[in-house]
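I have placed the structure first, in the form of structure tokens, so that the comments after it can refer back to it.
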Amino acid sequence: MTPEKNDTDAIEQDIVHHTITTLCRGVYNIDKLAMYQATAHSVRDRLLEDWNLTQEALHRENPKRCYYMSMEFLIGRALDNALNCLKVKKNYKESVDNLGFNLEDLLVEEKDAALGNGGLGRLAACYMDSAATLDYPTWGYGLRYQYGIFKQIIKDGYQNEMPDYWLNFDNPWEFPRTDIRYEVRFHGYVATKMNEKGESRMSWEGGDKVQAMAYDVPIPGFDTKGCGNIRLWSSKPLNTFDFDSFNAGDYDRSVSEQTNAQNLTSVLYPNDNHLVGKELRLKQEYFFVSASLQDIIHRFKRAKCPWKDFPDKVAVQMNDTHPTLAVPELQRILVDVEGLEWDDAWDIVTRTFAFTNHTVLPEALECWSVPMMEKILPRHMQIIYDINLFFLQKVERDFSPDRELLKRISIIEETSPQQVRMAYLAVVGSHTVNGVAALHSDLIRKNLFNDFVKYYGPEKFINITNGITPRRWLYQSNPGLRDLITKTLGSEEWATHLDQLEGLKKYAEDASFQEAWADVKFQNKKRLADWIKTNMNITVNPHALFDIQVKRIHEYKRQYMNILSVIYRYKSLKKMAPEDLEQQVPRVVIFGGKAAPGYYIAKLVIKLINSAAEVINNDSSIKDMLKVVFIPDYNVSLAEIIIPASDISQHISTAGTEASGTSNMKFVLNGGLILGTVDGANIEIGEQIGEENIFMFGVLADAVDDIRHNQKYHGLFIDASLQVVIDAIQGGEFGDPSIFGPLINTLTYGGDYYLISTDFKSYLQKHTEVDDTYRDKAAWNKKSIMCTAGMGFFSSDRAVRTYAEKIWKLKPFKVEA
Ligand code: 26V
């Protein structure tokens, strides 16, 4: 393209050109969707220049690269992000305007790429953004699901799920690589064979094969020529058609192979923090790992380096245990296929991989049954047994012969049937293991991996606190605040050097700055209020305190505790004399989030929220002092509207259960205060922004075990305030109480595992403190400014740089124009 390619005229011509050619439409017969598509194609042309430049340079220079293996990438929309990264948004706005459209209207036509469940998937997307922006030669590897996370529909207050067929229209943000295909095998048997050197080697034979085809998703870096990539694999049948069956009249069979192969990457498993050991999921994991490693090895071999140099050219980060089969798979390729000796191969494997743990919840830890693994991946199962045997022999020889220890530390759990503990396999196969927030890393060192810490020594287990990309989560989603910050700091360098936000501190008490700051927040609240009115027909007052909890619905995240406290507030308001009622701080309590389709209790929580909302929102006696809104289908695009509008956001997991949380960081970056427990990254956020600027409550993580123990043996104590709420629900104030029986039982008979009764009182007290602080506008605004100003540490740039320096040993690779 010419140097003038980004003139408004050139852009206009380009969009028209795509309308006519790519879309085959007349320019005068075009709707918003088509206009979005033409615009996206013209932006993608610009992006591609950078993509090619970067990938060609990498090919030529062949520096060490990192591969971020993740079963999930929760990317969201791409157009706005690309426009900002390329610094062409202003011109595009004008060009689109000249063509008779409004750019903002076009942006919302794009479907979210929702190839993830929640925190883990969104983290991967933020890290890809940072790696591209910092010019680290990093590629993501994942799966191209045809259906992303389901669409949530609320019907009669209940969650219903609908498929998310996001590829209905053409997707300008992916490039099919029809020439990049690998075969992936399942089932079959293991034979012994002679290799070329006359040595006896195991060989995996027979079985079924499917093909993996690559789709590349360009990841623009902000203000750099560098452009990253996520390579997603899609399954295709190997033999497109079985003509024998077809000719024999067996049409069903002739297409069945095709259908089976395609099904492999059809759908993202919608569980978050809960493993259901399904065969298809195990196949997805291996399919993804096998295709990615074949691709990585193909690239490595081009440079003709000896195998021992593999870890100097390749770093692989495993995003949770989902890609852990890469460990036995690389070992298999090196020993069985490439003919290396076991020990040499194992040395290469363990210098290549690193592993990030994202959860301590026992039900989320991946364990696969040995018989299932033997059936689907017979050779891998043998290799895992051998890895385990050699590992245990070493532990016994070098460390301790204690049988109990060996049993505890074994990769194979001796249940019936036996299970493969994937987290242990990941630890044994990696050189470095990290947790995602300081407390979380301490907890995994102390509990989950304690024996491994003792054996390997503590250096192998590090902390890298999560981060978020300030480009999407402030620059793009909060233009009002972005412009105010840029004007105040004198440049937009903060977007890539987030520590510079510190410069806002000196204005924290400046009355006119506070006013401008508060106005931005108010405009964002209005934007959300308008969205709620348009989409849900609920009127909320933008002057009220906006109190938001949006995240996956889970018992450990305690949305249940939140709605119980809302009901308590409602009951209190109803008891008030009119003159007292008038003095209250009006609140809008906003919820959002999906429950796993099979998670009964989480779905009941959604129902309770909606039932309570119905009653509260229609009770005129409380004079609009309280409104409750459950925003359906919470996703990345909605987060971009919701997060900038919070006064308070809630991150109230039982201490020790939320590994980190990342939305907490997004809210605070946007000047929202936190009401939270002493858990995950809340703790470090408090340290960075000042404890006086965060509302913390609840028991500490190290008290939780004892409390659970005491509750079990001495029963729980239900405080009077909590009893009022339980009575109201059981008394039918929010509809048929039998519906909520199982939910109430989790407290009363279920032993209250997540300690709602323990924390309830201090939670209510903090709510009162929030109200009181909110009355003093100047004090509140100061806190809000101090929040944003203290968030430099939580940039994903810092996190990725730490990974690159401490784990991947990777240097930036700058591409020049
Ligand atoms: C497990 C499974 C099991 C198999 C089915 C699919 C599936 C999907 C996800 C998971 C584990 C999810 C773990 C997770 O999402 N952890 C979250 O990671 C965030 C990023 O580090 C962190 O901020 C959250 O606190 C943590 O819950």
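Every number for a ligand or one of its atoms is a count from 1 in the order of the listing. Treat the numbers as computed from the prediction; the structure is a model and nothing was measured.
- Counting only heavy atoms of the protein, atom 24 (C) of ligand 1 lies nearest to Glu658 OE1, 3.4 Å.
- With Thr469 contributing its side chain and Cys126 its backbone, the two residues share no donor-acceptor pair below 3.5 Å.
- Atom numbering of ligand 1 starts at 1 in the shown order; those under 4.0 Å from a heavy atom of Tyr556 are 27 (O).
- Counting non-hydrogen atoms of other residues, nucleotides and ligands closer than 6.0 Å to OH of Tyr753 gives a total of 12 or fewer.
- By the criterion of a heavy-atom distance under 4.0 Å, neither the backbone nor the side chain of Glu366 is placed next to ligand 1.
- The Asn271 neighbourhood of ligand 1 comprises atoms 6 (C), 7 (C), 8 (C), 9 (C), with distances under 4.0 Å to a heavy atom of that residue.
- Numbered from 1 in the order shown, with element, the atoms of ligand 1 that lie under 4.0 Å from a heavy atom of Glu72 read 8 (C).
- Taking CG from Asn670 and CE from Met791, the interatomic distance works out to 9.5 Å, rounded to the nearest 0.5 Å.
- In this structure Tyr600 satisfies the ring pair (Phe, Tyr, Trp, His ring centres under 6.0 Å) test with no other residue, sequence neighbours excluded.
- In this structure, of Gly116, Gly661, Ala437, Gly121, the residue bringing a heavy atom nearest to atom 22 (C) of ligand 1 is Gly661.
- Ligand 1 has no atom lying under 4.0 Å from any heavy atom of His440.
- When the heavy atoms of Lys557, Arg122, His358 are ranked by distance to atom 21 (O) of ligand 1, first place goes to His358.
- The protein heavy-atom contact nearest to atom 2 (C) of ligand 1 is His322 NE2, 3.7 Å.
- Shown are Arg472, Arg122, Arg77; of these, the salt bridge (charged side-chain N to carboxylate O under 4.0 Å, His left out) with Glu640 is made only by Arg472.
- Using a cutoff of 4.0 Å between basic side-chain nitrogens and carboxylate oxygens, Arg471 and Asp797 are scored as salt-bridged.
- Under a 4.0 Å heavy-atom criterion, Met71 is not in contact with ligand 1.
- Using a 4.0 angstrom heavy-atom cutoff, Gly680 does not count as in contact with ligand 1.
- Residue, atom and distance of the protein heavy atom nearest to atom 5 (C) of ligand 1 are Arg281 CZ, 3.8 Å.
- If you check the side chains of Gln152 and Asn160, you find no donor sitting under 3.5 Å from an acceptor.
- In terms of protein heavy-atom proximity, atom 12 (C) of ligand 1 is closest to Asn273 N, 3.8 Å.
- Between Thr662 and Asn466, the side chains place no donor N or O within less than 3.5 Å of an acceptor N or O (distance only, hydrogens not considered).
- Of all atoms in ligand 1, numbered sequentially from 1 with element shown, those under 4.0 Å from a heavy atom of Ala659 are 25 (O).
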>> Before you tell me yes or no, could you show the steps for Tyr147 and Tyr165 under ring pair (Phe, Tyr, Trp, His ring centres under 6.0 Å), namely the whole-Å CA-CA distance, both residues' side-chain angles and the distance that decides it to 0.1 Å?
In response: CA-CA 5 Å; Tyr147 297 91; Tyr165 192 69; 5.2 Å; yes
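- Residue contacts with ligand 1 for Asn466 involve side-chain atoms from C-beta outward but no N, CA, C or O (heavy atoms, distance under 4.0 Å).
- Under the 3.5 Å distance criterion, with hydrogens and angles disregarded, a donor-acceptor pair is assigned to the side chains of Gln317 and Trp808.
- Glu161 and Lys151 are not joined by a salt bridge, as no carboxylate oxygen comes within less than 4.0 angstrom of a charged side-chain nitrogen.
- Of all the atoms in ligand 1, the ones that sit under 4.0 Å from a non-hydrogen atom of Ser660 are 23 (O), 25 (O).
- Given atom 4 (C) of ligand 1, the protein heavy atom at minimum distance is Leu275 CD1, 3.5 Å.
- In this model, no donor atom of one side chain and acceptor atom of the other lie less than 3.5 Å apart for Ser653 and His651.
- With a heavy-atom cut-off of 4.0 Å, Val436 touches ligand 1 through its side chain alone.
- Listed by atom number, the atoms of ligand 1 under 4.0 Å from Asp272 heavy atoms are 15 (O).
- The nearest heavy-atom contact from the protein to atom 15 (O) of ligand 1 is Leu120 CB, 3.4 Å.
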